[in-house]
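Just so it is clear, the model here is predicted, and its values are computed rather than measured.
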Protein chains: 2
Amino acid sequence: MARNPLTREEVMETAASLVQQQGPRALTMRKLAAELGTAVTSIYWHIGNREQLLDALVERTIQEMGAIRPTGRTPHARIVSVGRALRTALRERPQLIAMVHERGLTERMFLPAQQALVHEAHAAGLRGELAAEAVRAVQFQVVGFVLVERNRERSPAQHPSEGELWDSPTAGHDPALARALAGPVDAEQLFLVSLEALVTSLLAVAAGDT
Amino acid sequence: MARNPLTREEVMETAASLVQQQGPRALTMRKLAAELGTAVTSIYWHIGNREQLLDALVERTIQEMGAIRPTGRTPHARIVSVGRALRTALRERPQLIAMVHERGLTERMFLPAQQALVHEAHAAGLRGELAAEAVRAVQFQVVGFVLVERNRERSPAQHPSEGELWDSPTAGHDPALARALAGPVDAEQLFLVSLEALVTSLLAVAAGDT
DNA sequence: ACCTGAACACCGTTCAAGT
DNA sequence: ACCTGAACACCGTTCAAGT
């Protein structure tokens, strides 16, 4: 029970921990009020409605992430490092992904990496629209991958549907392929392979190589 | 009011149209019952609870999509064509994406393309784990992109946050870059560029070129 | 300026009771 | 086998009333 006057900060704090522990669906105004020891309606006075609360939480989490610092020598390595760091940062905050998911705020997840990517794209010799395209390609790639990855993890069931391919005409001739597709995904490796591929192509354009 | 005995089919049909028109959030058991002219509880007898209903709808929509047929001459072109077709098919069914979103079923969206991709990867000379990796890389790429794209479209607000970069140190030196980043995304082009890049790299591996 | 309880209009789900 | 209404335990939000 909080006797001292309720604070916007206090509400945010409690809401954040609630989301962190049980996901955004569990963040109900009434539960939150109970946790805070106040009436439900007090929250409305300080924060507004549930949507605004979620928005504020998303913003807060993004702030906490801070900037992303590239590592490595070559432009290629540095851009890839930004992608990896962004994925790591997002995966460390599954609640963020879930909240962004629930509302339509994916582009918020782009922000932490954007400055760094712009800088690196420029350093790699990309200019103007081409640089913008490269920045966005990496952002879409990374965020998209993380969305798929998380969504996959959320799914409780095994993925037996992929087993269908075991006896598909093509896979039947290639047992190793069938086995690999039936098995679990090595997300880490898949992420790296895809990102490397993308960056390679983007930089090939910069080098004048078509 | 439906006097004839309620059918599982009838429930699914009505539920589908409800989702199509107003999104999965509007699919409430009570609204659905009202639409059908029955008591809410009848639905439970035929279908089960809301989760099972959504699962069934997802499955149904996937079935409707049917198989994806590659076009083009070269392996590269054919794989890219599968990616494009998959994206188009998904974008034509925004309700599917929303439903899959709400539940954790992303991998269901992988299925329509998988057979075709396996075939094409094989035709391109990829075998075993390498082929599996290529198939999955394309799947993740396409589905991830569509997820980001859709989520972006759902967001009502403009994206002023990207304007931040206008006066970022790097972008400041490159007005064309700043302008491009502040403007809207050409999703179509971004998708193609990324997909082409990925496929090029995946096939380079097949050609023995490291 | 801040907090409150009552009330409204919704939910999904269960269950005993009907035919 | 199929359908029903009542009931339970939840929601978010508004609003008039308090201090």
Side-chain angles (χ1 to χ4, degrees), chain A residues 1-59 95 98-105 154 156, chain B residues 1-59 95 98-105 154 156:
Chain A
M1 336 151 190
R3 281 217 184 63
N4 2 12
L6 194 56
T7 313
R8 184 188 157 86
E9 244 335 288
E10 198 188 348
V11 177
M12 296 282 297
E13 204 75 42
T14 311
S17 94
L18 231 165
V19 169
Q20 196 142 12
Q21 287 164 24
Q22 323 196 30
R25 279 207 122 124
L27 175 55
T28 150
M29 302 301 270
R30 293 174 127 105
K31 262 192 208 150
L32 180 54
E35 200 80 21
L36 287 162
T38 49
V40 208
T41 41
S42 304
I43 300 170
Y44 284 81
W45 199 92
H46 285 280
I47 311 259
N49 59 23
R50 189 170 177 275
E51 291 236 316
Q52 295 172 268
L53 175 53
L54 278 177
D55 274 354
L57 281 176
V58 166
E59 221 58 47
Q95 2 87 24
M99 276 169 1
V100 153
H101 218 223
E102 209 198 339
R103 321 219 44 252
L105 291 175
R154 255 212 306 160
Chain B
M1 340 151 184
R3 279 216 184 65
N4 2 13
L6 195 56
T7 312
R8 183 188 159 87
E9 244 335 287
E10 198 188 347
V11 176
M12 295 283 295
E13 204 75 43
T14 311
S17 96
L18 232 164
V19 168
Q20 197 141 12
Q21 286 165 24
Q22 324 197 29
R25 279 207 123 125
L27 175 55
T28 148
M29 302 301 271
R30 293 173 127 104
K31 261 192 209 148
L32 180 54
E35 200 80 22
L36 287 163
T38 50
V40 208
T41 40
S42 303
I43 300 170
Y44 285 82
W45 200 92
H46 285 280
I47 310 258
N49 58 24
R50 189 171 177 275
E51 291 237 315
Q52 296 171 267
L53 175 53
L54 278 177
D55 275 353
L57 281 177
V58 167
E59 221 59 47
Q95 3 87 24
M99 277 169 1
V100 152
H101 218 223
E102 209 200 337
R103 322 219 45 247
L105 291 175
R154 255 212 306 158

**Student:** Can you tell me, in whole Å, how much space there is between the P of C:dC10 and that of D:dA9?
**Tutor:** 22 Å

**Student:** Nearest 0.5 Å, what's the CD1-CD distance between B:Ile43 and B:Gln52?
**Tutor:**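 These two atoms lie 13.0 Å from each other.
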
**Student:** Between C:dT13, D:dT13, D:dC3, which nucleotide has the shortest distance from any of its atoms to the side chain of B:Pro5?
**Tutor:** D:dC3

**Student:** Could you state the atom-to-atom distance from CG of B:Asn49 to P of C:dC11 in whole Å?
**Tutor:** 17 Å

**Student:** Nearest-Å distance, CD1 (A:Ile43) to P (D:dG12)?
**Tutor:** 9 Å

**Student:** Name the pairing partner of D:dA7, where a pair is Watson-Crick or G-U wobble with both distances under 3.5 Å, or state none.
**Tutor:** C:dT13

**Student:** Which nucleotide, C:dC2, D:dC3, C:dT13, lies nearest any side-chain atom of B:Ser42?
**Tutor:** D:dC3

**Student:** Over all strands shown, is A:Arg50 touching base, sugar-phosphate only, or nothing at heavy-atom distances under 4.0 angstrom?
**Tutor:** sugar-phosphate

**Student:** Using whole Å, what does the distance between atom P of nucleotide C:dC2 and atom CD of A:Glu10 come to?
**Tutor:** 14 Å

**Student:** Closest to the A:Thr41 side chain: D:dC11, D:dC3, D:dC15?
**Tutor:**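 Per side-chain heavy atoms of A:Thr41, the pick is D:dC15.
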
**Student:** Nearest-Å distance, CH2 (A:Trp45) to P (C:dA1)?
**Tutor:**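 The answer, rounded to whole Å, is 7 Å.
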
**Student:** Would you say B:Ile47 and B:Met12 make side-chain contact, with heavy atoms under 4.5 Å?
**Tutor:** yes

**Student:** What is the minimum heavy-atom distance between B:Leu18 and B:Leu32, and which atoms define it?
**Tutor:** CD1-CA, 4.0 Å

**Student:** Restricting to non-hydrogen atoms, name the atom on B:Leu36 and the atom on B:Glu10 that form the minimum distance, rounded to 0.1 Å.
**Tutor:**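 Heavy-atom minimum between the residues: CD2-O, 3.9 Å.
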
**Student:** For A:Gln22 and D:dC10, what is the distance between atoms CD and P respectively, to the nearest whole Å?
**Tutor:**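 Rounded to the whole Å, the gap is 14 Å.
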
**Student:** With a 3.5 Å distance limit and no angle check, can you tell me whether A:Thr7 reaches the backbone of A:Glu9 through a side-chain donor-acceptor pair?
**Tutor:** no

**Student:** When you get a sec, tell me which of C:dT4, D:dC3, C:dC11 is the closest nucleotide to the side chain of A:Thr38?
**Tutor:** C:dT4

**Student:** Provide, to the nearest angstrom, the distance between the CG atom belonging to A:Leu27 and the P atom belonging to D:dT13.
**Tutor:** 11 Å

**Student:** For C:dC3, does OP1 or OP2 lie under 4.0 Å from any side-chain N or O of A:His46?
**Tutor:** yes

**Student:** May I ask which nucleotide in the shown strands pairs with C:dA1, Watson-Crick or G-U wobble, both distances under 3.5 Å?
**Tutor:**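 The answer is D:dT19, by the H-bond criterion.
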
**Student:** Measure from the side chain of A:Tyr44, starting at C-beta and using heavy atoms only, and say which of C:dA1, D:dT13, C:dG5 lies closest.
**Tutor:** D:dT13

**Student:** Would you kindly give the CG-to-P distance between B:Leu36 and D:dT4, to the nearest whole Å?
**Tutor:**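 It is 10 Å, rounded to the nearest whole Å.
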
**Student:** Given that A:Arg30 and A:Val40 both sit by DNA chain C, which one's nearest nucleotide is further toward the 5' end?
**Tutor:**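 The 5'-side residue here is A:Val40.
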
**Student:** Specify the separation, in whole Å, of atom CD of B:Glu51 and atom C1' of C:dC11.
**Tutor:** 15 Å

**Student:** For the side chain of A:Thr28 and the base of D:dG12, is some donor closer than 3.5 Å to an acceptor across the two?
**Tutor:**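 No pair found.
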
